[in-house]
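Remarks on the structure that follows.
In what follows, chains carry the letters A, B, and so on, assigned in the order in which the sequence lines appear, proteins first and then strands, with residues in each chain numbered from 1.
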Amino acid sequence: MNENLFASFITPMMFGLPLVTLIVLFPSLLFPTSNRLINNRLISLQQWMLQLVSKQMMSIHNTKGQTWALMLMSLILFIGSTNLLGLLPHSFTPTTQLSMNLGMAIPLWAGAVITGFRNKTKASLAHFLPQGTPTPLIPMLVIIETISLFIQPVALAVRLTANITAGHLLIHLIGGATLALMSINTTTALITFIILILLTVLEFAVAMIQAYVFTLLVSLYLHDNT
Amino acid sequence: MNVPLKEKKLLEVKLGELPSWILMRDFTPSGIAGAFQRGYYRYYNKYVNVKKGSIAGLSMVLAAYVFLNYCRSYKELSESLLDCFASGGVSPDRVGLVHRLI
């Protein structure tokens, strides 16, 4: 069972062809575009949701920060839809791969920080030293703040990977436990099955929350720097 | 009226003409891309882009996605099934359930 547990996290290839590219591109099929004023139900629902999220998330930024609106909205849609699609049976979730999450986190964080250093150099450097620190503590605090700055992209990526992977693993394990218990003791199997249902509901929530958290943190890093 | 073989639709092709019809199809990259585009728009305009589209339009796509992923991982699932039998962890009548819905 151990080998089977991690089998769903292997990058899917078929006959040496990267199937993973198709899987990563699949969520884009579910978000059609339209040029009409009044659309079909699917597009209207998506547009309503997108407007809600963008108003809530971009309201804290100034004009310069709001140029990132398209990027951040695509990000939350991509992560949210990829995580939710991963909850379907047998599917592969690209966001369980650390490589992919690092590929999303590092450029976005670096973009925000470099924008800050280019446009507001003094203010960005001033972030390394909180206000009102006693003089003897200054060198140590600068080092700590630098470390905390450089750990931000790693934390973003690892947070997303760990949350989604852990959720998928738990579902596998508890599902396996339910199956194994069915022949031994049906009542315990029933309780385990109820736990499985609750866990699945949690995973739906986690899928969406993680997308939100990722995007919110990127937007906060942006806010600091514009 | 004699329609040339190249321009006939699939359902109008006679069974004897089928191999030559298949060989005459456009297998260039742009031809294949065109076929995918036509198929996408056929599905989209029939089930999603309608006045009162329902959940069925989206669910059919997701069901097909699940099915394709199952086909992709069939080999590993049946191998783990054999492992399960060998270690005595599951009885033969639970075969269907072991192809877990996870």
Enclosure of [X] [atom1] (heavy-atom neighbours >12, cutoff 6.0 Å):
X: I151(A); atom1: CD1; answer: no
X: F150(A); atom1: CZ; answer: no
X: L52(A); atom1: CG; answer: yes
X: F31(A); atom1: CZ; answer: yes

Go through it in stages, so that I can follow the logic: the residues are L62(B) and L85(A), the test is side chain to side chain contact (heavy atoms under 4.5 Å, CB included), and I'd like the CA-CA distance, side-chain angles, deciding distance and then a yes or no.
CA-CA 8 Å; L62(B) 294 179; L85(A) 278 175; 3.5 Å; yes
Is it the backbone or the side chain of V48(B) that comes under 4.5 Å from a heavy atom of chain A, or both, or neither?
both
Contacting moiety of L58(B), where chain A heavy atoms sit under 4.5 Å
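Side chain only.
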Tell me the residues of residues 36-44 of chain B whose non-hydrogen atoms fall below 4.5 Å from those of chain A, in number order.
Y40(B), Y44(B)
Might you point out which heavy atoms bring H90(A) and N69(B) nearest each other, and give the distance in Å?
O-CB, 3.4 Å
Over all atoms of both residues, closest heavy-atom pair of R72(B) and S91(A):
NH2-C, 4.2 Å
Would you please classify the geometry between the F26(A) ring and the Y65(B) ring as parallel, tilted or perpendicular, with 30° and 60° separating the classes?
parallel
Under 4.5 Å heavy-atom distance to chain B, tell me which part of [X] shows up: side chain, backbone, both or neither.
X: L87(A); value: neither
X: F92(A); value: both
X: I38(A); value: neither

Checking Y47(B) against L42(A) for the side chain to side chain contact (heavy atoms under 4.5 Å, CB included) test, could you report, in this order, the C-alpha distance in whole Å, the side-chain angles of both residues, the deciding distance, and whether it holds?
CA-CA 11 Å; Y47(B) 290 108; L42(A) 183 69; over 6 Å; no
